[in-house]
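Index from 1, following the sequence. All values derive from a computational prediction rather than experimental measurement. Order of listing sets the numbers, starting from 1, for every ligand and every atom in it.
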Amino acid sequence: MAKQVTRLGVCNLCEAICGLRLTLEEGRITSVRGNPDDPLSRGHICPKALALQDIREDPDRLRRPVRRVPGGTAGEDVWEEIGWDEAFDLIADSLARTVREHGRDALAVYLGNPNVHSLGAMTHGTAMVKSFRTRNTYSATSVDQLPHQLVAHLMYGHQLLVPVPDIDRTQLFVVVGGNPMASNGSLMTVPDFPGRLRELRRRGGRMVVLDPRRTETAKAADEHHFVRPGSDAFVLLAMLHTVFAEGLAGPPEYVDGLDVVAAAVEPFTPERAEAASGLSAEVVRSLARDLVATEAAALYGRLGVSTQEFGSVCQWAIQCLNIVAGNLDREGGVMLTSPAVDAVGRGLIGKGHRDLWRSRVRKLPEFGGELPTSTLADEILTPGEGQVRAVLTVAGNPVLSTPDGARLDDALAGLDFMAAVDLYVNETTRHADVILPPTTALERDHYDLAFHVLAVRNTARFTPAVFAKDKDARHDWEIFREIALRTAKRLGVKQPWRKRLAFEARMRLSPTRTIDLLLRTDRARLSLRRLRRQPEGVDLGPLRSVLPGRLKTKDRRVHAAPPLILDDLARLDAASVAPAEGQLLLIGRRHQRDCNSWMHNTERLTKGRPRHHLLMHPDDLAERGIADGTAVAVTSRVGTVHAEVQSTDDIMRGVVSLPHGYGHQREGVRLARASQVPGPSINDLTDPAVLDVASGNAVLNGVPVTVTPAEPGAAPAIETAGRVAATKD
Ligand code: SF4
């Protein structure tokens with residue numbers, strides 16, 4: 001009988017960072033369980049944890065660098081394996097040539113979501129990007145959570161001072177546009193959300209959800225109310241209006257500007273919110289009163305309220321509501337974490353800055369050194385000085401995950417050069433000249449620099465690699481190091497020798513050694529040795545009160561009335577969120593077994609009931625004479641996709657929903673395993689011209705569309721589902 005070995009691991013596929021107990025037999029994982037001794041995840045896992053093994057063994061996964069050779073025997077591009085040295089040199093030569101001939105901004109970088117889940121990407125990826133000194137840096141941040149970061153920067157002085165609901169002690173949890181039952185939290189690392197919700201109920205607490213769809217979280221809630229997509233700002237401002245109008249505000253002493261806020265929200269009454277959102281004025285008032293009256297209450301808004309036209313106003317209003325209700329920095333309210341490696345306190349991650357430069361074509365301001373991803377295609381396609389001619393993507397698939405992905409697809413095809421650091425040939429990386437595949441999560445050491453900062457409990461955990469990497473494999477940080485150092489050498493970057501040596505030394509220091517140094521010198525005084533002895537993680541206790549000391553504003557006070565956000569209220573005042581006659585409002589959705597646009601070739605995650613359908617209310621279907629289950633054409637300003645419609649009263653009237661991260665049916669993506677996940681890309685409908693103006697974040701929710709029966713002969717994407725990529729982003 002084969003010998004069994006138990007190893008502790010971590011799943012870092014999503015923000016919940018669950019601790020794992022793995023059983024290995026003859027070098028293979030035979031069982032994946034949650035680790036009950038993990039002080040944060042407490043034994044929880046979701047079905048995606050099982051897929052860690054699938055990724056490692058995936059026949060579709062690249063294991064060596066590949067170069068695209070145009071026009072093989074069938075006239076199609078072919079991928080040819082090459083050595084690491086040759087690949088690094090090819091990339092460094094091409095990036096350096098682009099910069100020499102066209103300037104630094106001719107090189108663009110796009111970082112996908114998995115970067116923040118990898119220790120090596122956090123310690124070395126960012127340093128590599130900075131070494132390019134290009135203004136054309138883009139990431140998944142601006143199609144997701146940029147409003148949170150902007151508001152934290154403006155109000156608390158640092159983009160990552162994002163208060164987290166203290167869910168383990170709250171009595172009232174109000175969720176707006178979030179679905180933690182499916183996501184296990186986002187910008188709120190909360191593994192075992194279902195278990196924590198049960199505990200909330202046992203304490204006599206309750207959860208209220210506002211969402212245009214009866215999501216998995218809404219179904220588990222004590223109360224759910226439909227809210228028209230894009231109208232949440234009216235609802236949140238009306239709640240603020242109520243608190244001020246009824247004299248209920250009880251903010252802490254260290255908050256400035258609330259008199260300005262009170263005046264600014266005066267026109268946004270509950271009746272106006274009702275007209276815009278469909279949520280009754282009485283519910284708006286009673287929710288506002290409950291947030292104040294409940295001793296420990298937390299208001300949380302996530303992707304649904306960030307990725308809309310007034311995302312920053314929404315996130316600002318949520319912060320203000322938590323402040324005026326006395327719930328900021330209060331046990332059971334919303335609190336800041338005290339992580340063992342304090343990336344905020346030590347300045348490892350910058351405070352954030354805005355508008356130091358603007359994009360060339362649309363003049364959109366940067367935030368934190370990044371431009372809005374919605375304008376990447378403009379920068380590639382528009383001729384002139386500073387035009388982007390080379391792109392490096394890292395663990396990203398923006399063709400599927402960013403607005404008007406079809407246009408970006410075309411833009412990438414016309415580049416002089418493209419390189420990718422990715423495990424797969426996906427819808428984006430198929431345009432690359434060279435792809436460099438890193439090791440997978442099971443082959444890397446991990447300490448979570450990002451999500452301990454956003455977790456509902458203070459813990460620290462170091463997880464050594466479960467498997468040794470192959471001899472001819474490279475970790476992501478080793479790839480970043482080689483690209484950065486070789487490109488800099490070719491460019492002959494002139495800088496003081498001390499600075500150059502410091503950069504080289506930093507790039508040569510492994511992420512694990514970096515963490516060891518950071519841990520020893522941080523407040524928690526943990527050492528890597530201690531964490532190695534306690535691989536389940538060290539419990540540093542519940543969230544604790546840290547304000548005003550942890551603020552990063554110059555005067556150590558909360559700035560409740562940032563002019564940038566207040567100025568945007570005039571735009572909201574004039575806005576109409578009601579769709580035009582005959583139009584519906586499109587929203588996205590996620591599923592617990594989906595990981596954005598990747599792992600759609602993983603059999604155990606894709607089996608079961610199909611989940612690609614366009615969800616539509618039965619009355620909206622009847623009004624258009626469309627039968628349940630038939631093919632429809634969905635059209636926005638940007639394009640048309642075909643989808644199979646599913647009738648459900650889980651969605652608000654006037655709203656339709658497609659899942660995020662689908663649309664793998666594109667030519668040129670050659671993979672071994674067939675898709676079980678058909679369905680079009682919602683981002684062939686989302687519109688890059690529409691942004692949350694304050695932050696530049698993409699608008700993925702509340703997109704006006706029409707839905708009509710598909711023309712006879714039209715080829716619905718559902719019929720063309722063939723081979724798909726397992727992609728990242
Ligand atoms: S919730 Fe699932 S995907 Fe997320 S970390 Fe835990 S096991 Fe992994």
With a cut-off of 4.0 Å, which atoms of ligand 1 are near a heavy atom of Lys48? 3 (S)

Which atoms of ligand 1 sit under 4.0 Å from any heavy atom of Ala49? 7 (S)

Cys14 N/O/S atom closer than 2.8 Å to atom 4 (Fe) of ligand 1: yes

May I ask you to identify the nearest protein heavy atom to [atom], giving residue, atom name and distance to one decimal place in Å?
atom                    : result
atom 6 (Fe) of ligand 1 : Cys18 SG, 2.3 Å
atom 1 (S) of ligand 1  : Asn184 ND2, 3.5 Å
atom 8 (Fe) of ligand 1 : Cys11 SG, 2.2 Å
atom 2 (Fe) of ligand 1 : Cys46 SG, 2.3 Å

Salt bridge or not between [X] and [Y]? Use side-chain N to carboxylate O under 4.0 Å.
X      : Y      : answer
Arg611 : Glu216 : no
Asp144 : Arg302 : yes
Arg461 : Asp448 : no

Check whether any side-chain heavy atom of Thr459 sits under 4.5 Å from a side-chain heavy atom of His452, and report yes or no. yes

Taking the side chain from Asp222 and the backbone from Met207, do they hold a donor-acceptor pair closer than 3.5 Å? yes

For the residue pair Trp477 and His124, categorise the inter-ring angle as parallel (less than 30°), tilted (30 to 60°) or perpendicular (more than 60°). tilted

Could you see which bit of Ile17 sits under 4.0 Å from ligand 1, with heavy atoms only: side chain, backbone, both or neither? backbone

